[in-house]
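Report on the following structure.
Protein chains get the first letters and strands the later ones, always in sequence-line order, with residue 1 at the start of each. Heavy atoms only: backbone and side chains are in, while hydrogens, waters and symmetry mates are out.
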Amino acid sequence: MRANFIFSEVWIGLRRNLTMTIAVIITVAVGMAMLGVGLMINAQVGMMTTYWYDKVEVSVFLCTKNSDMPACKGKAVTQAQTQALQKQIEGLPGVEQVFYEDQATAFKNFQEAFSANQPMRDATKVEDMPTSFRVKLANPDNYQPVIQALQGQPGVSQVVNQRDLISQFFTMLDKVRWAALIVAVILVLAAALLIGNTVRLSAFNRRRETGIMRLVGASNLYIQLPFVMEGMIAGLIGGVFAAVMLIVTKVFMFDEVAQYLSSGGAQIGWDDVASVITLTMIIGVVICVLASFVTLRRYLRV
Amino acid sequence: MIHFDNVTKVYANQNRPALDHVSVDVDKGEFVFLVGPSGSGKSTFLRLILKEERPNSGAIHVAGKDLARLSNFKVPHLRRRIGCVFQDFRLLPNKNVYENVAFALEVIGKPRRFIRKVVPEVIELVGLEGKAHRMPDELSGGEQQRVAMARAFVNRPMILLADEPTGNIDPATSIGIMKVLDRINRTGTTVVMATHDAAIVDSMRKRVVELEDGKIVRDQSRGVYGQAY
């Protein structure tokens, strides 16, 4: 086997079909980037799920003076009501811990959470913050009875299960992930067809050479390898572009979003990105090689 | 060397067989002319030897191998033992004489040192010494056919098949081509040549197999093109 010969043939083939090769590279790049984004969202969601579900609590917001929640009837919660509520919550089955969050703590947390949003911070005063009980449950799935027991109690403005808020966000992420994966599948299909066409053109362009090769007894491998390599190299270059896109996505999308959510440790790292890139590259190259082989079987009878 | 036993070939969508119960034996080192009008089955005969086509019935043995039992995987190895020359030369226009001949060895993975040694030898054998770096379009038809013969012979095949090699060449030049074929034949290579060229067949006085409508109507050693009508 003479590598030199094969590579010169591959180079000639790629150059002759330059426009088609570029089309293949772009399609593979975008398709693989979409697939990669889908996989990265998947990893991100998985991480955030464990991170958040560990922390979620049921928040029992108490009435403030000017609360517009109908349950408060415009009156602030009294000291007696607060104490009664604390007793009641501690007595509920499944409750692990109860924290009382006063206005000062709430204000501090608020300032931290909105550290990036200066106007919002400026517009908020300590008195605006509601006091609340943070209820940690032994089993976070078992929140329904707690909410039912506390909803409508005197002094309670609202009972919020944080999990509901998070799952809304997760549902949204899930939709983005599926959209990315569907686009990826469509593009991969388009890439396969394009490669088929490129290889067909290539085989037609070189029918003289392949005819002579057949005649003088070149093995099938020798005849087909240059075409398959063409597909493989196009796939590889497309994969490199996809990798660049994925790195950009990680920096400008995932890192930004993570910062906005201040989710701390629940963020995909570079090792995750690296494995996603490796996977997409392998898939890209394998698809290109398969598409080349299937087309060759039809257009390059040996 | 080539053994046809009751071979029949019918192409799809055609009623009349291209070859009709043909039995022929060609020994090692023989020179055989295959004559007959267009459509009489000469090209089919050659294509069957290369296993480019499969017969509908009958057995073909080439170089001791039963082609029916030869797996597709091994067909390239069969073809390495058979050289081919055509009416239309089939050279690669973007390669020079040397590269065209070397191509046949490169694609079967021969080492470069070997190629450097044998290609000039065979270019000399066909009478093209000094023209190794010409491009095909700088050569006459006869010279192009010599390149094609060099390419067919460079791997020292046991059999050389020539499908009307003088069909595009004027009679004077054809004599030179036949001399090269004769030289190749004298190295021990079996030569089968399909042709319409009566003058050549008559001058060579070799074995003549005549086909008509897919049947062998004459098989004569030291024959001539046409029978005395």
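- Of the atoms belonging to B:L91, it is backbone heavy atoms, and not side-chain ones, that fall under 4.5 Å from chain A.
- Taking the centre and axis of the six-membered ring of A:F252, the NZ or CZ atom of A:K250 falls outside the cone set by 45° and 6.0 Å.
- At a 4.5 Å heavy-atom cutoff, the contact between B:P93 and chain A is made by side-chain atoms alone.
- Within a 6.0 Å sphere centred on CZ of B:R81, other residues, nucleotides and ligands contribute 12 heavy atoms or fewer.
- Of the residues considered (B:N155, B:V107, B:V75), B:V107 shows the highest number of contacts with chain A, using heavy-atom pairs under 4.5 Å.
- At least one test fails for B:R151 against the ring of B:F89: distance under 6.0 Å to the centre or angle within 45° of the axis.
- Sorted by first and then second residue, the ring pair (Phe, Tyr, Trp, His ring centres under 6.0 Å) pairs involving residues 51-84 of chain B (not counting sequence neighbours) are B:H3-B:H61.
- Proximity to chain A is limited to the side chain of B:N94, based on heavy atoms less than 4.5 angstrom apart.
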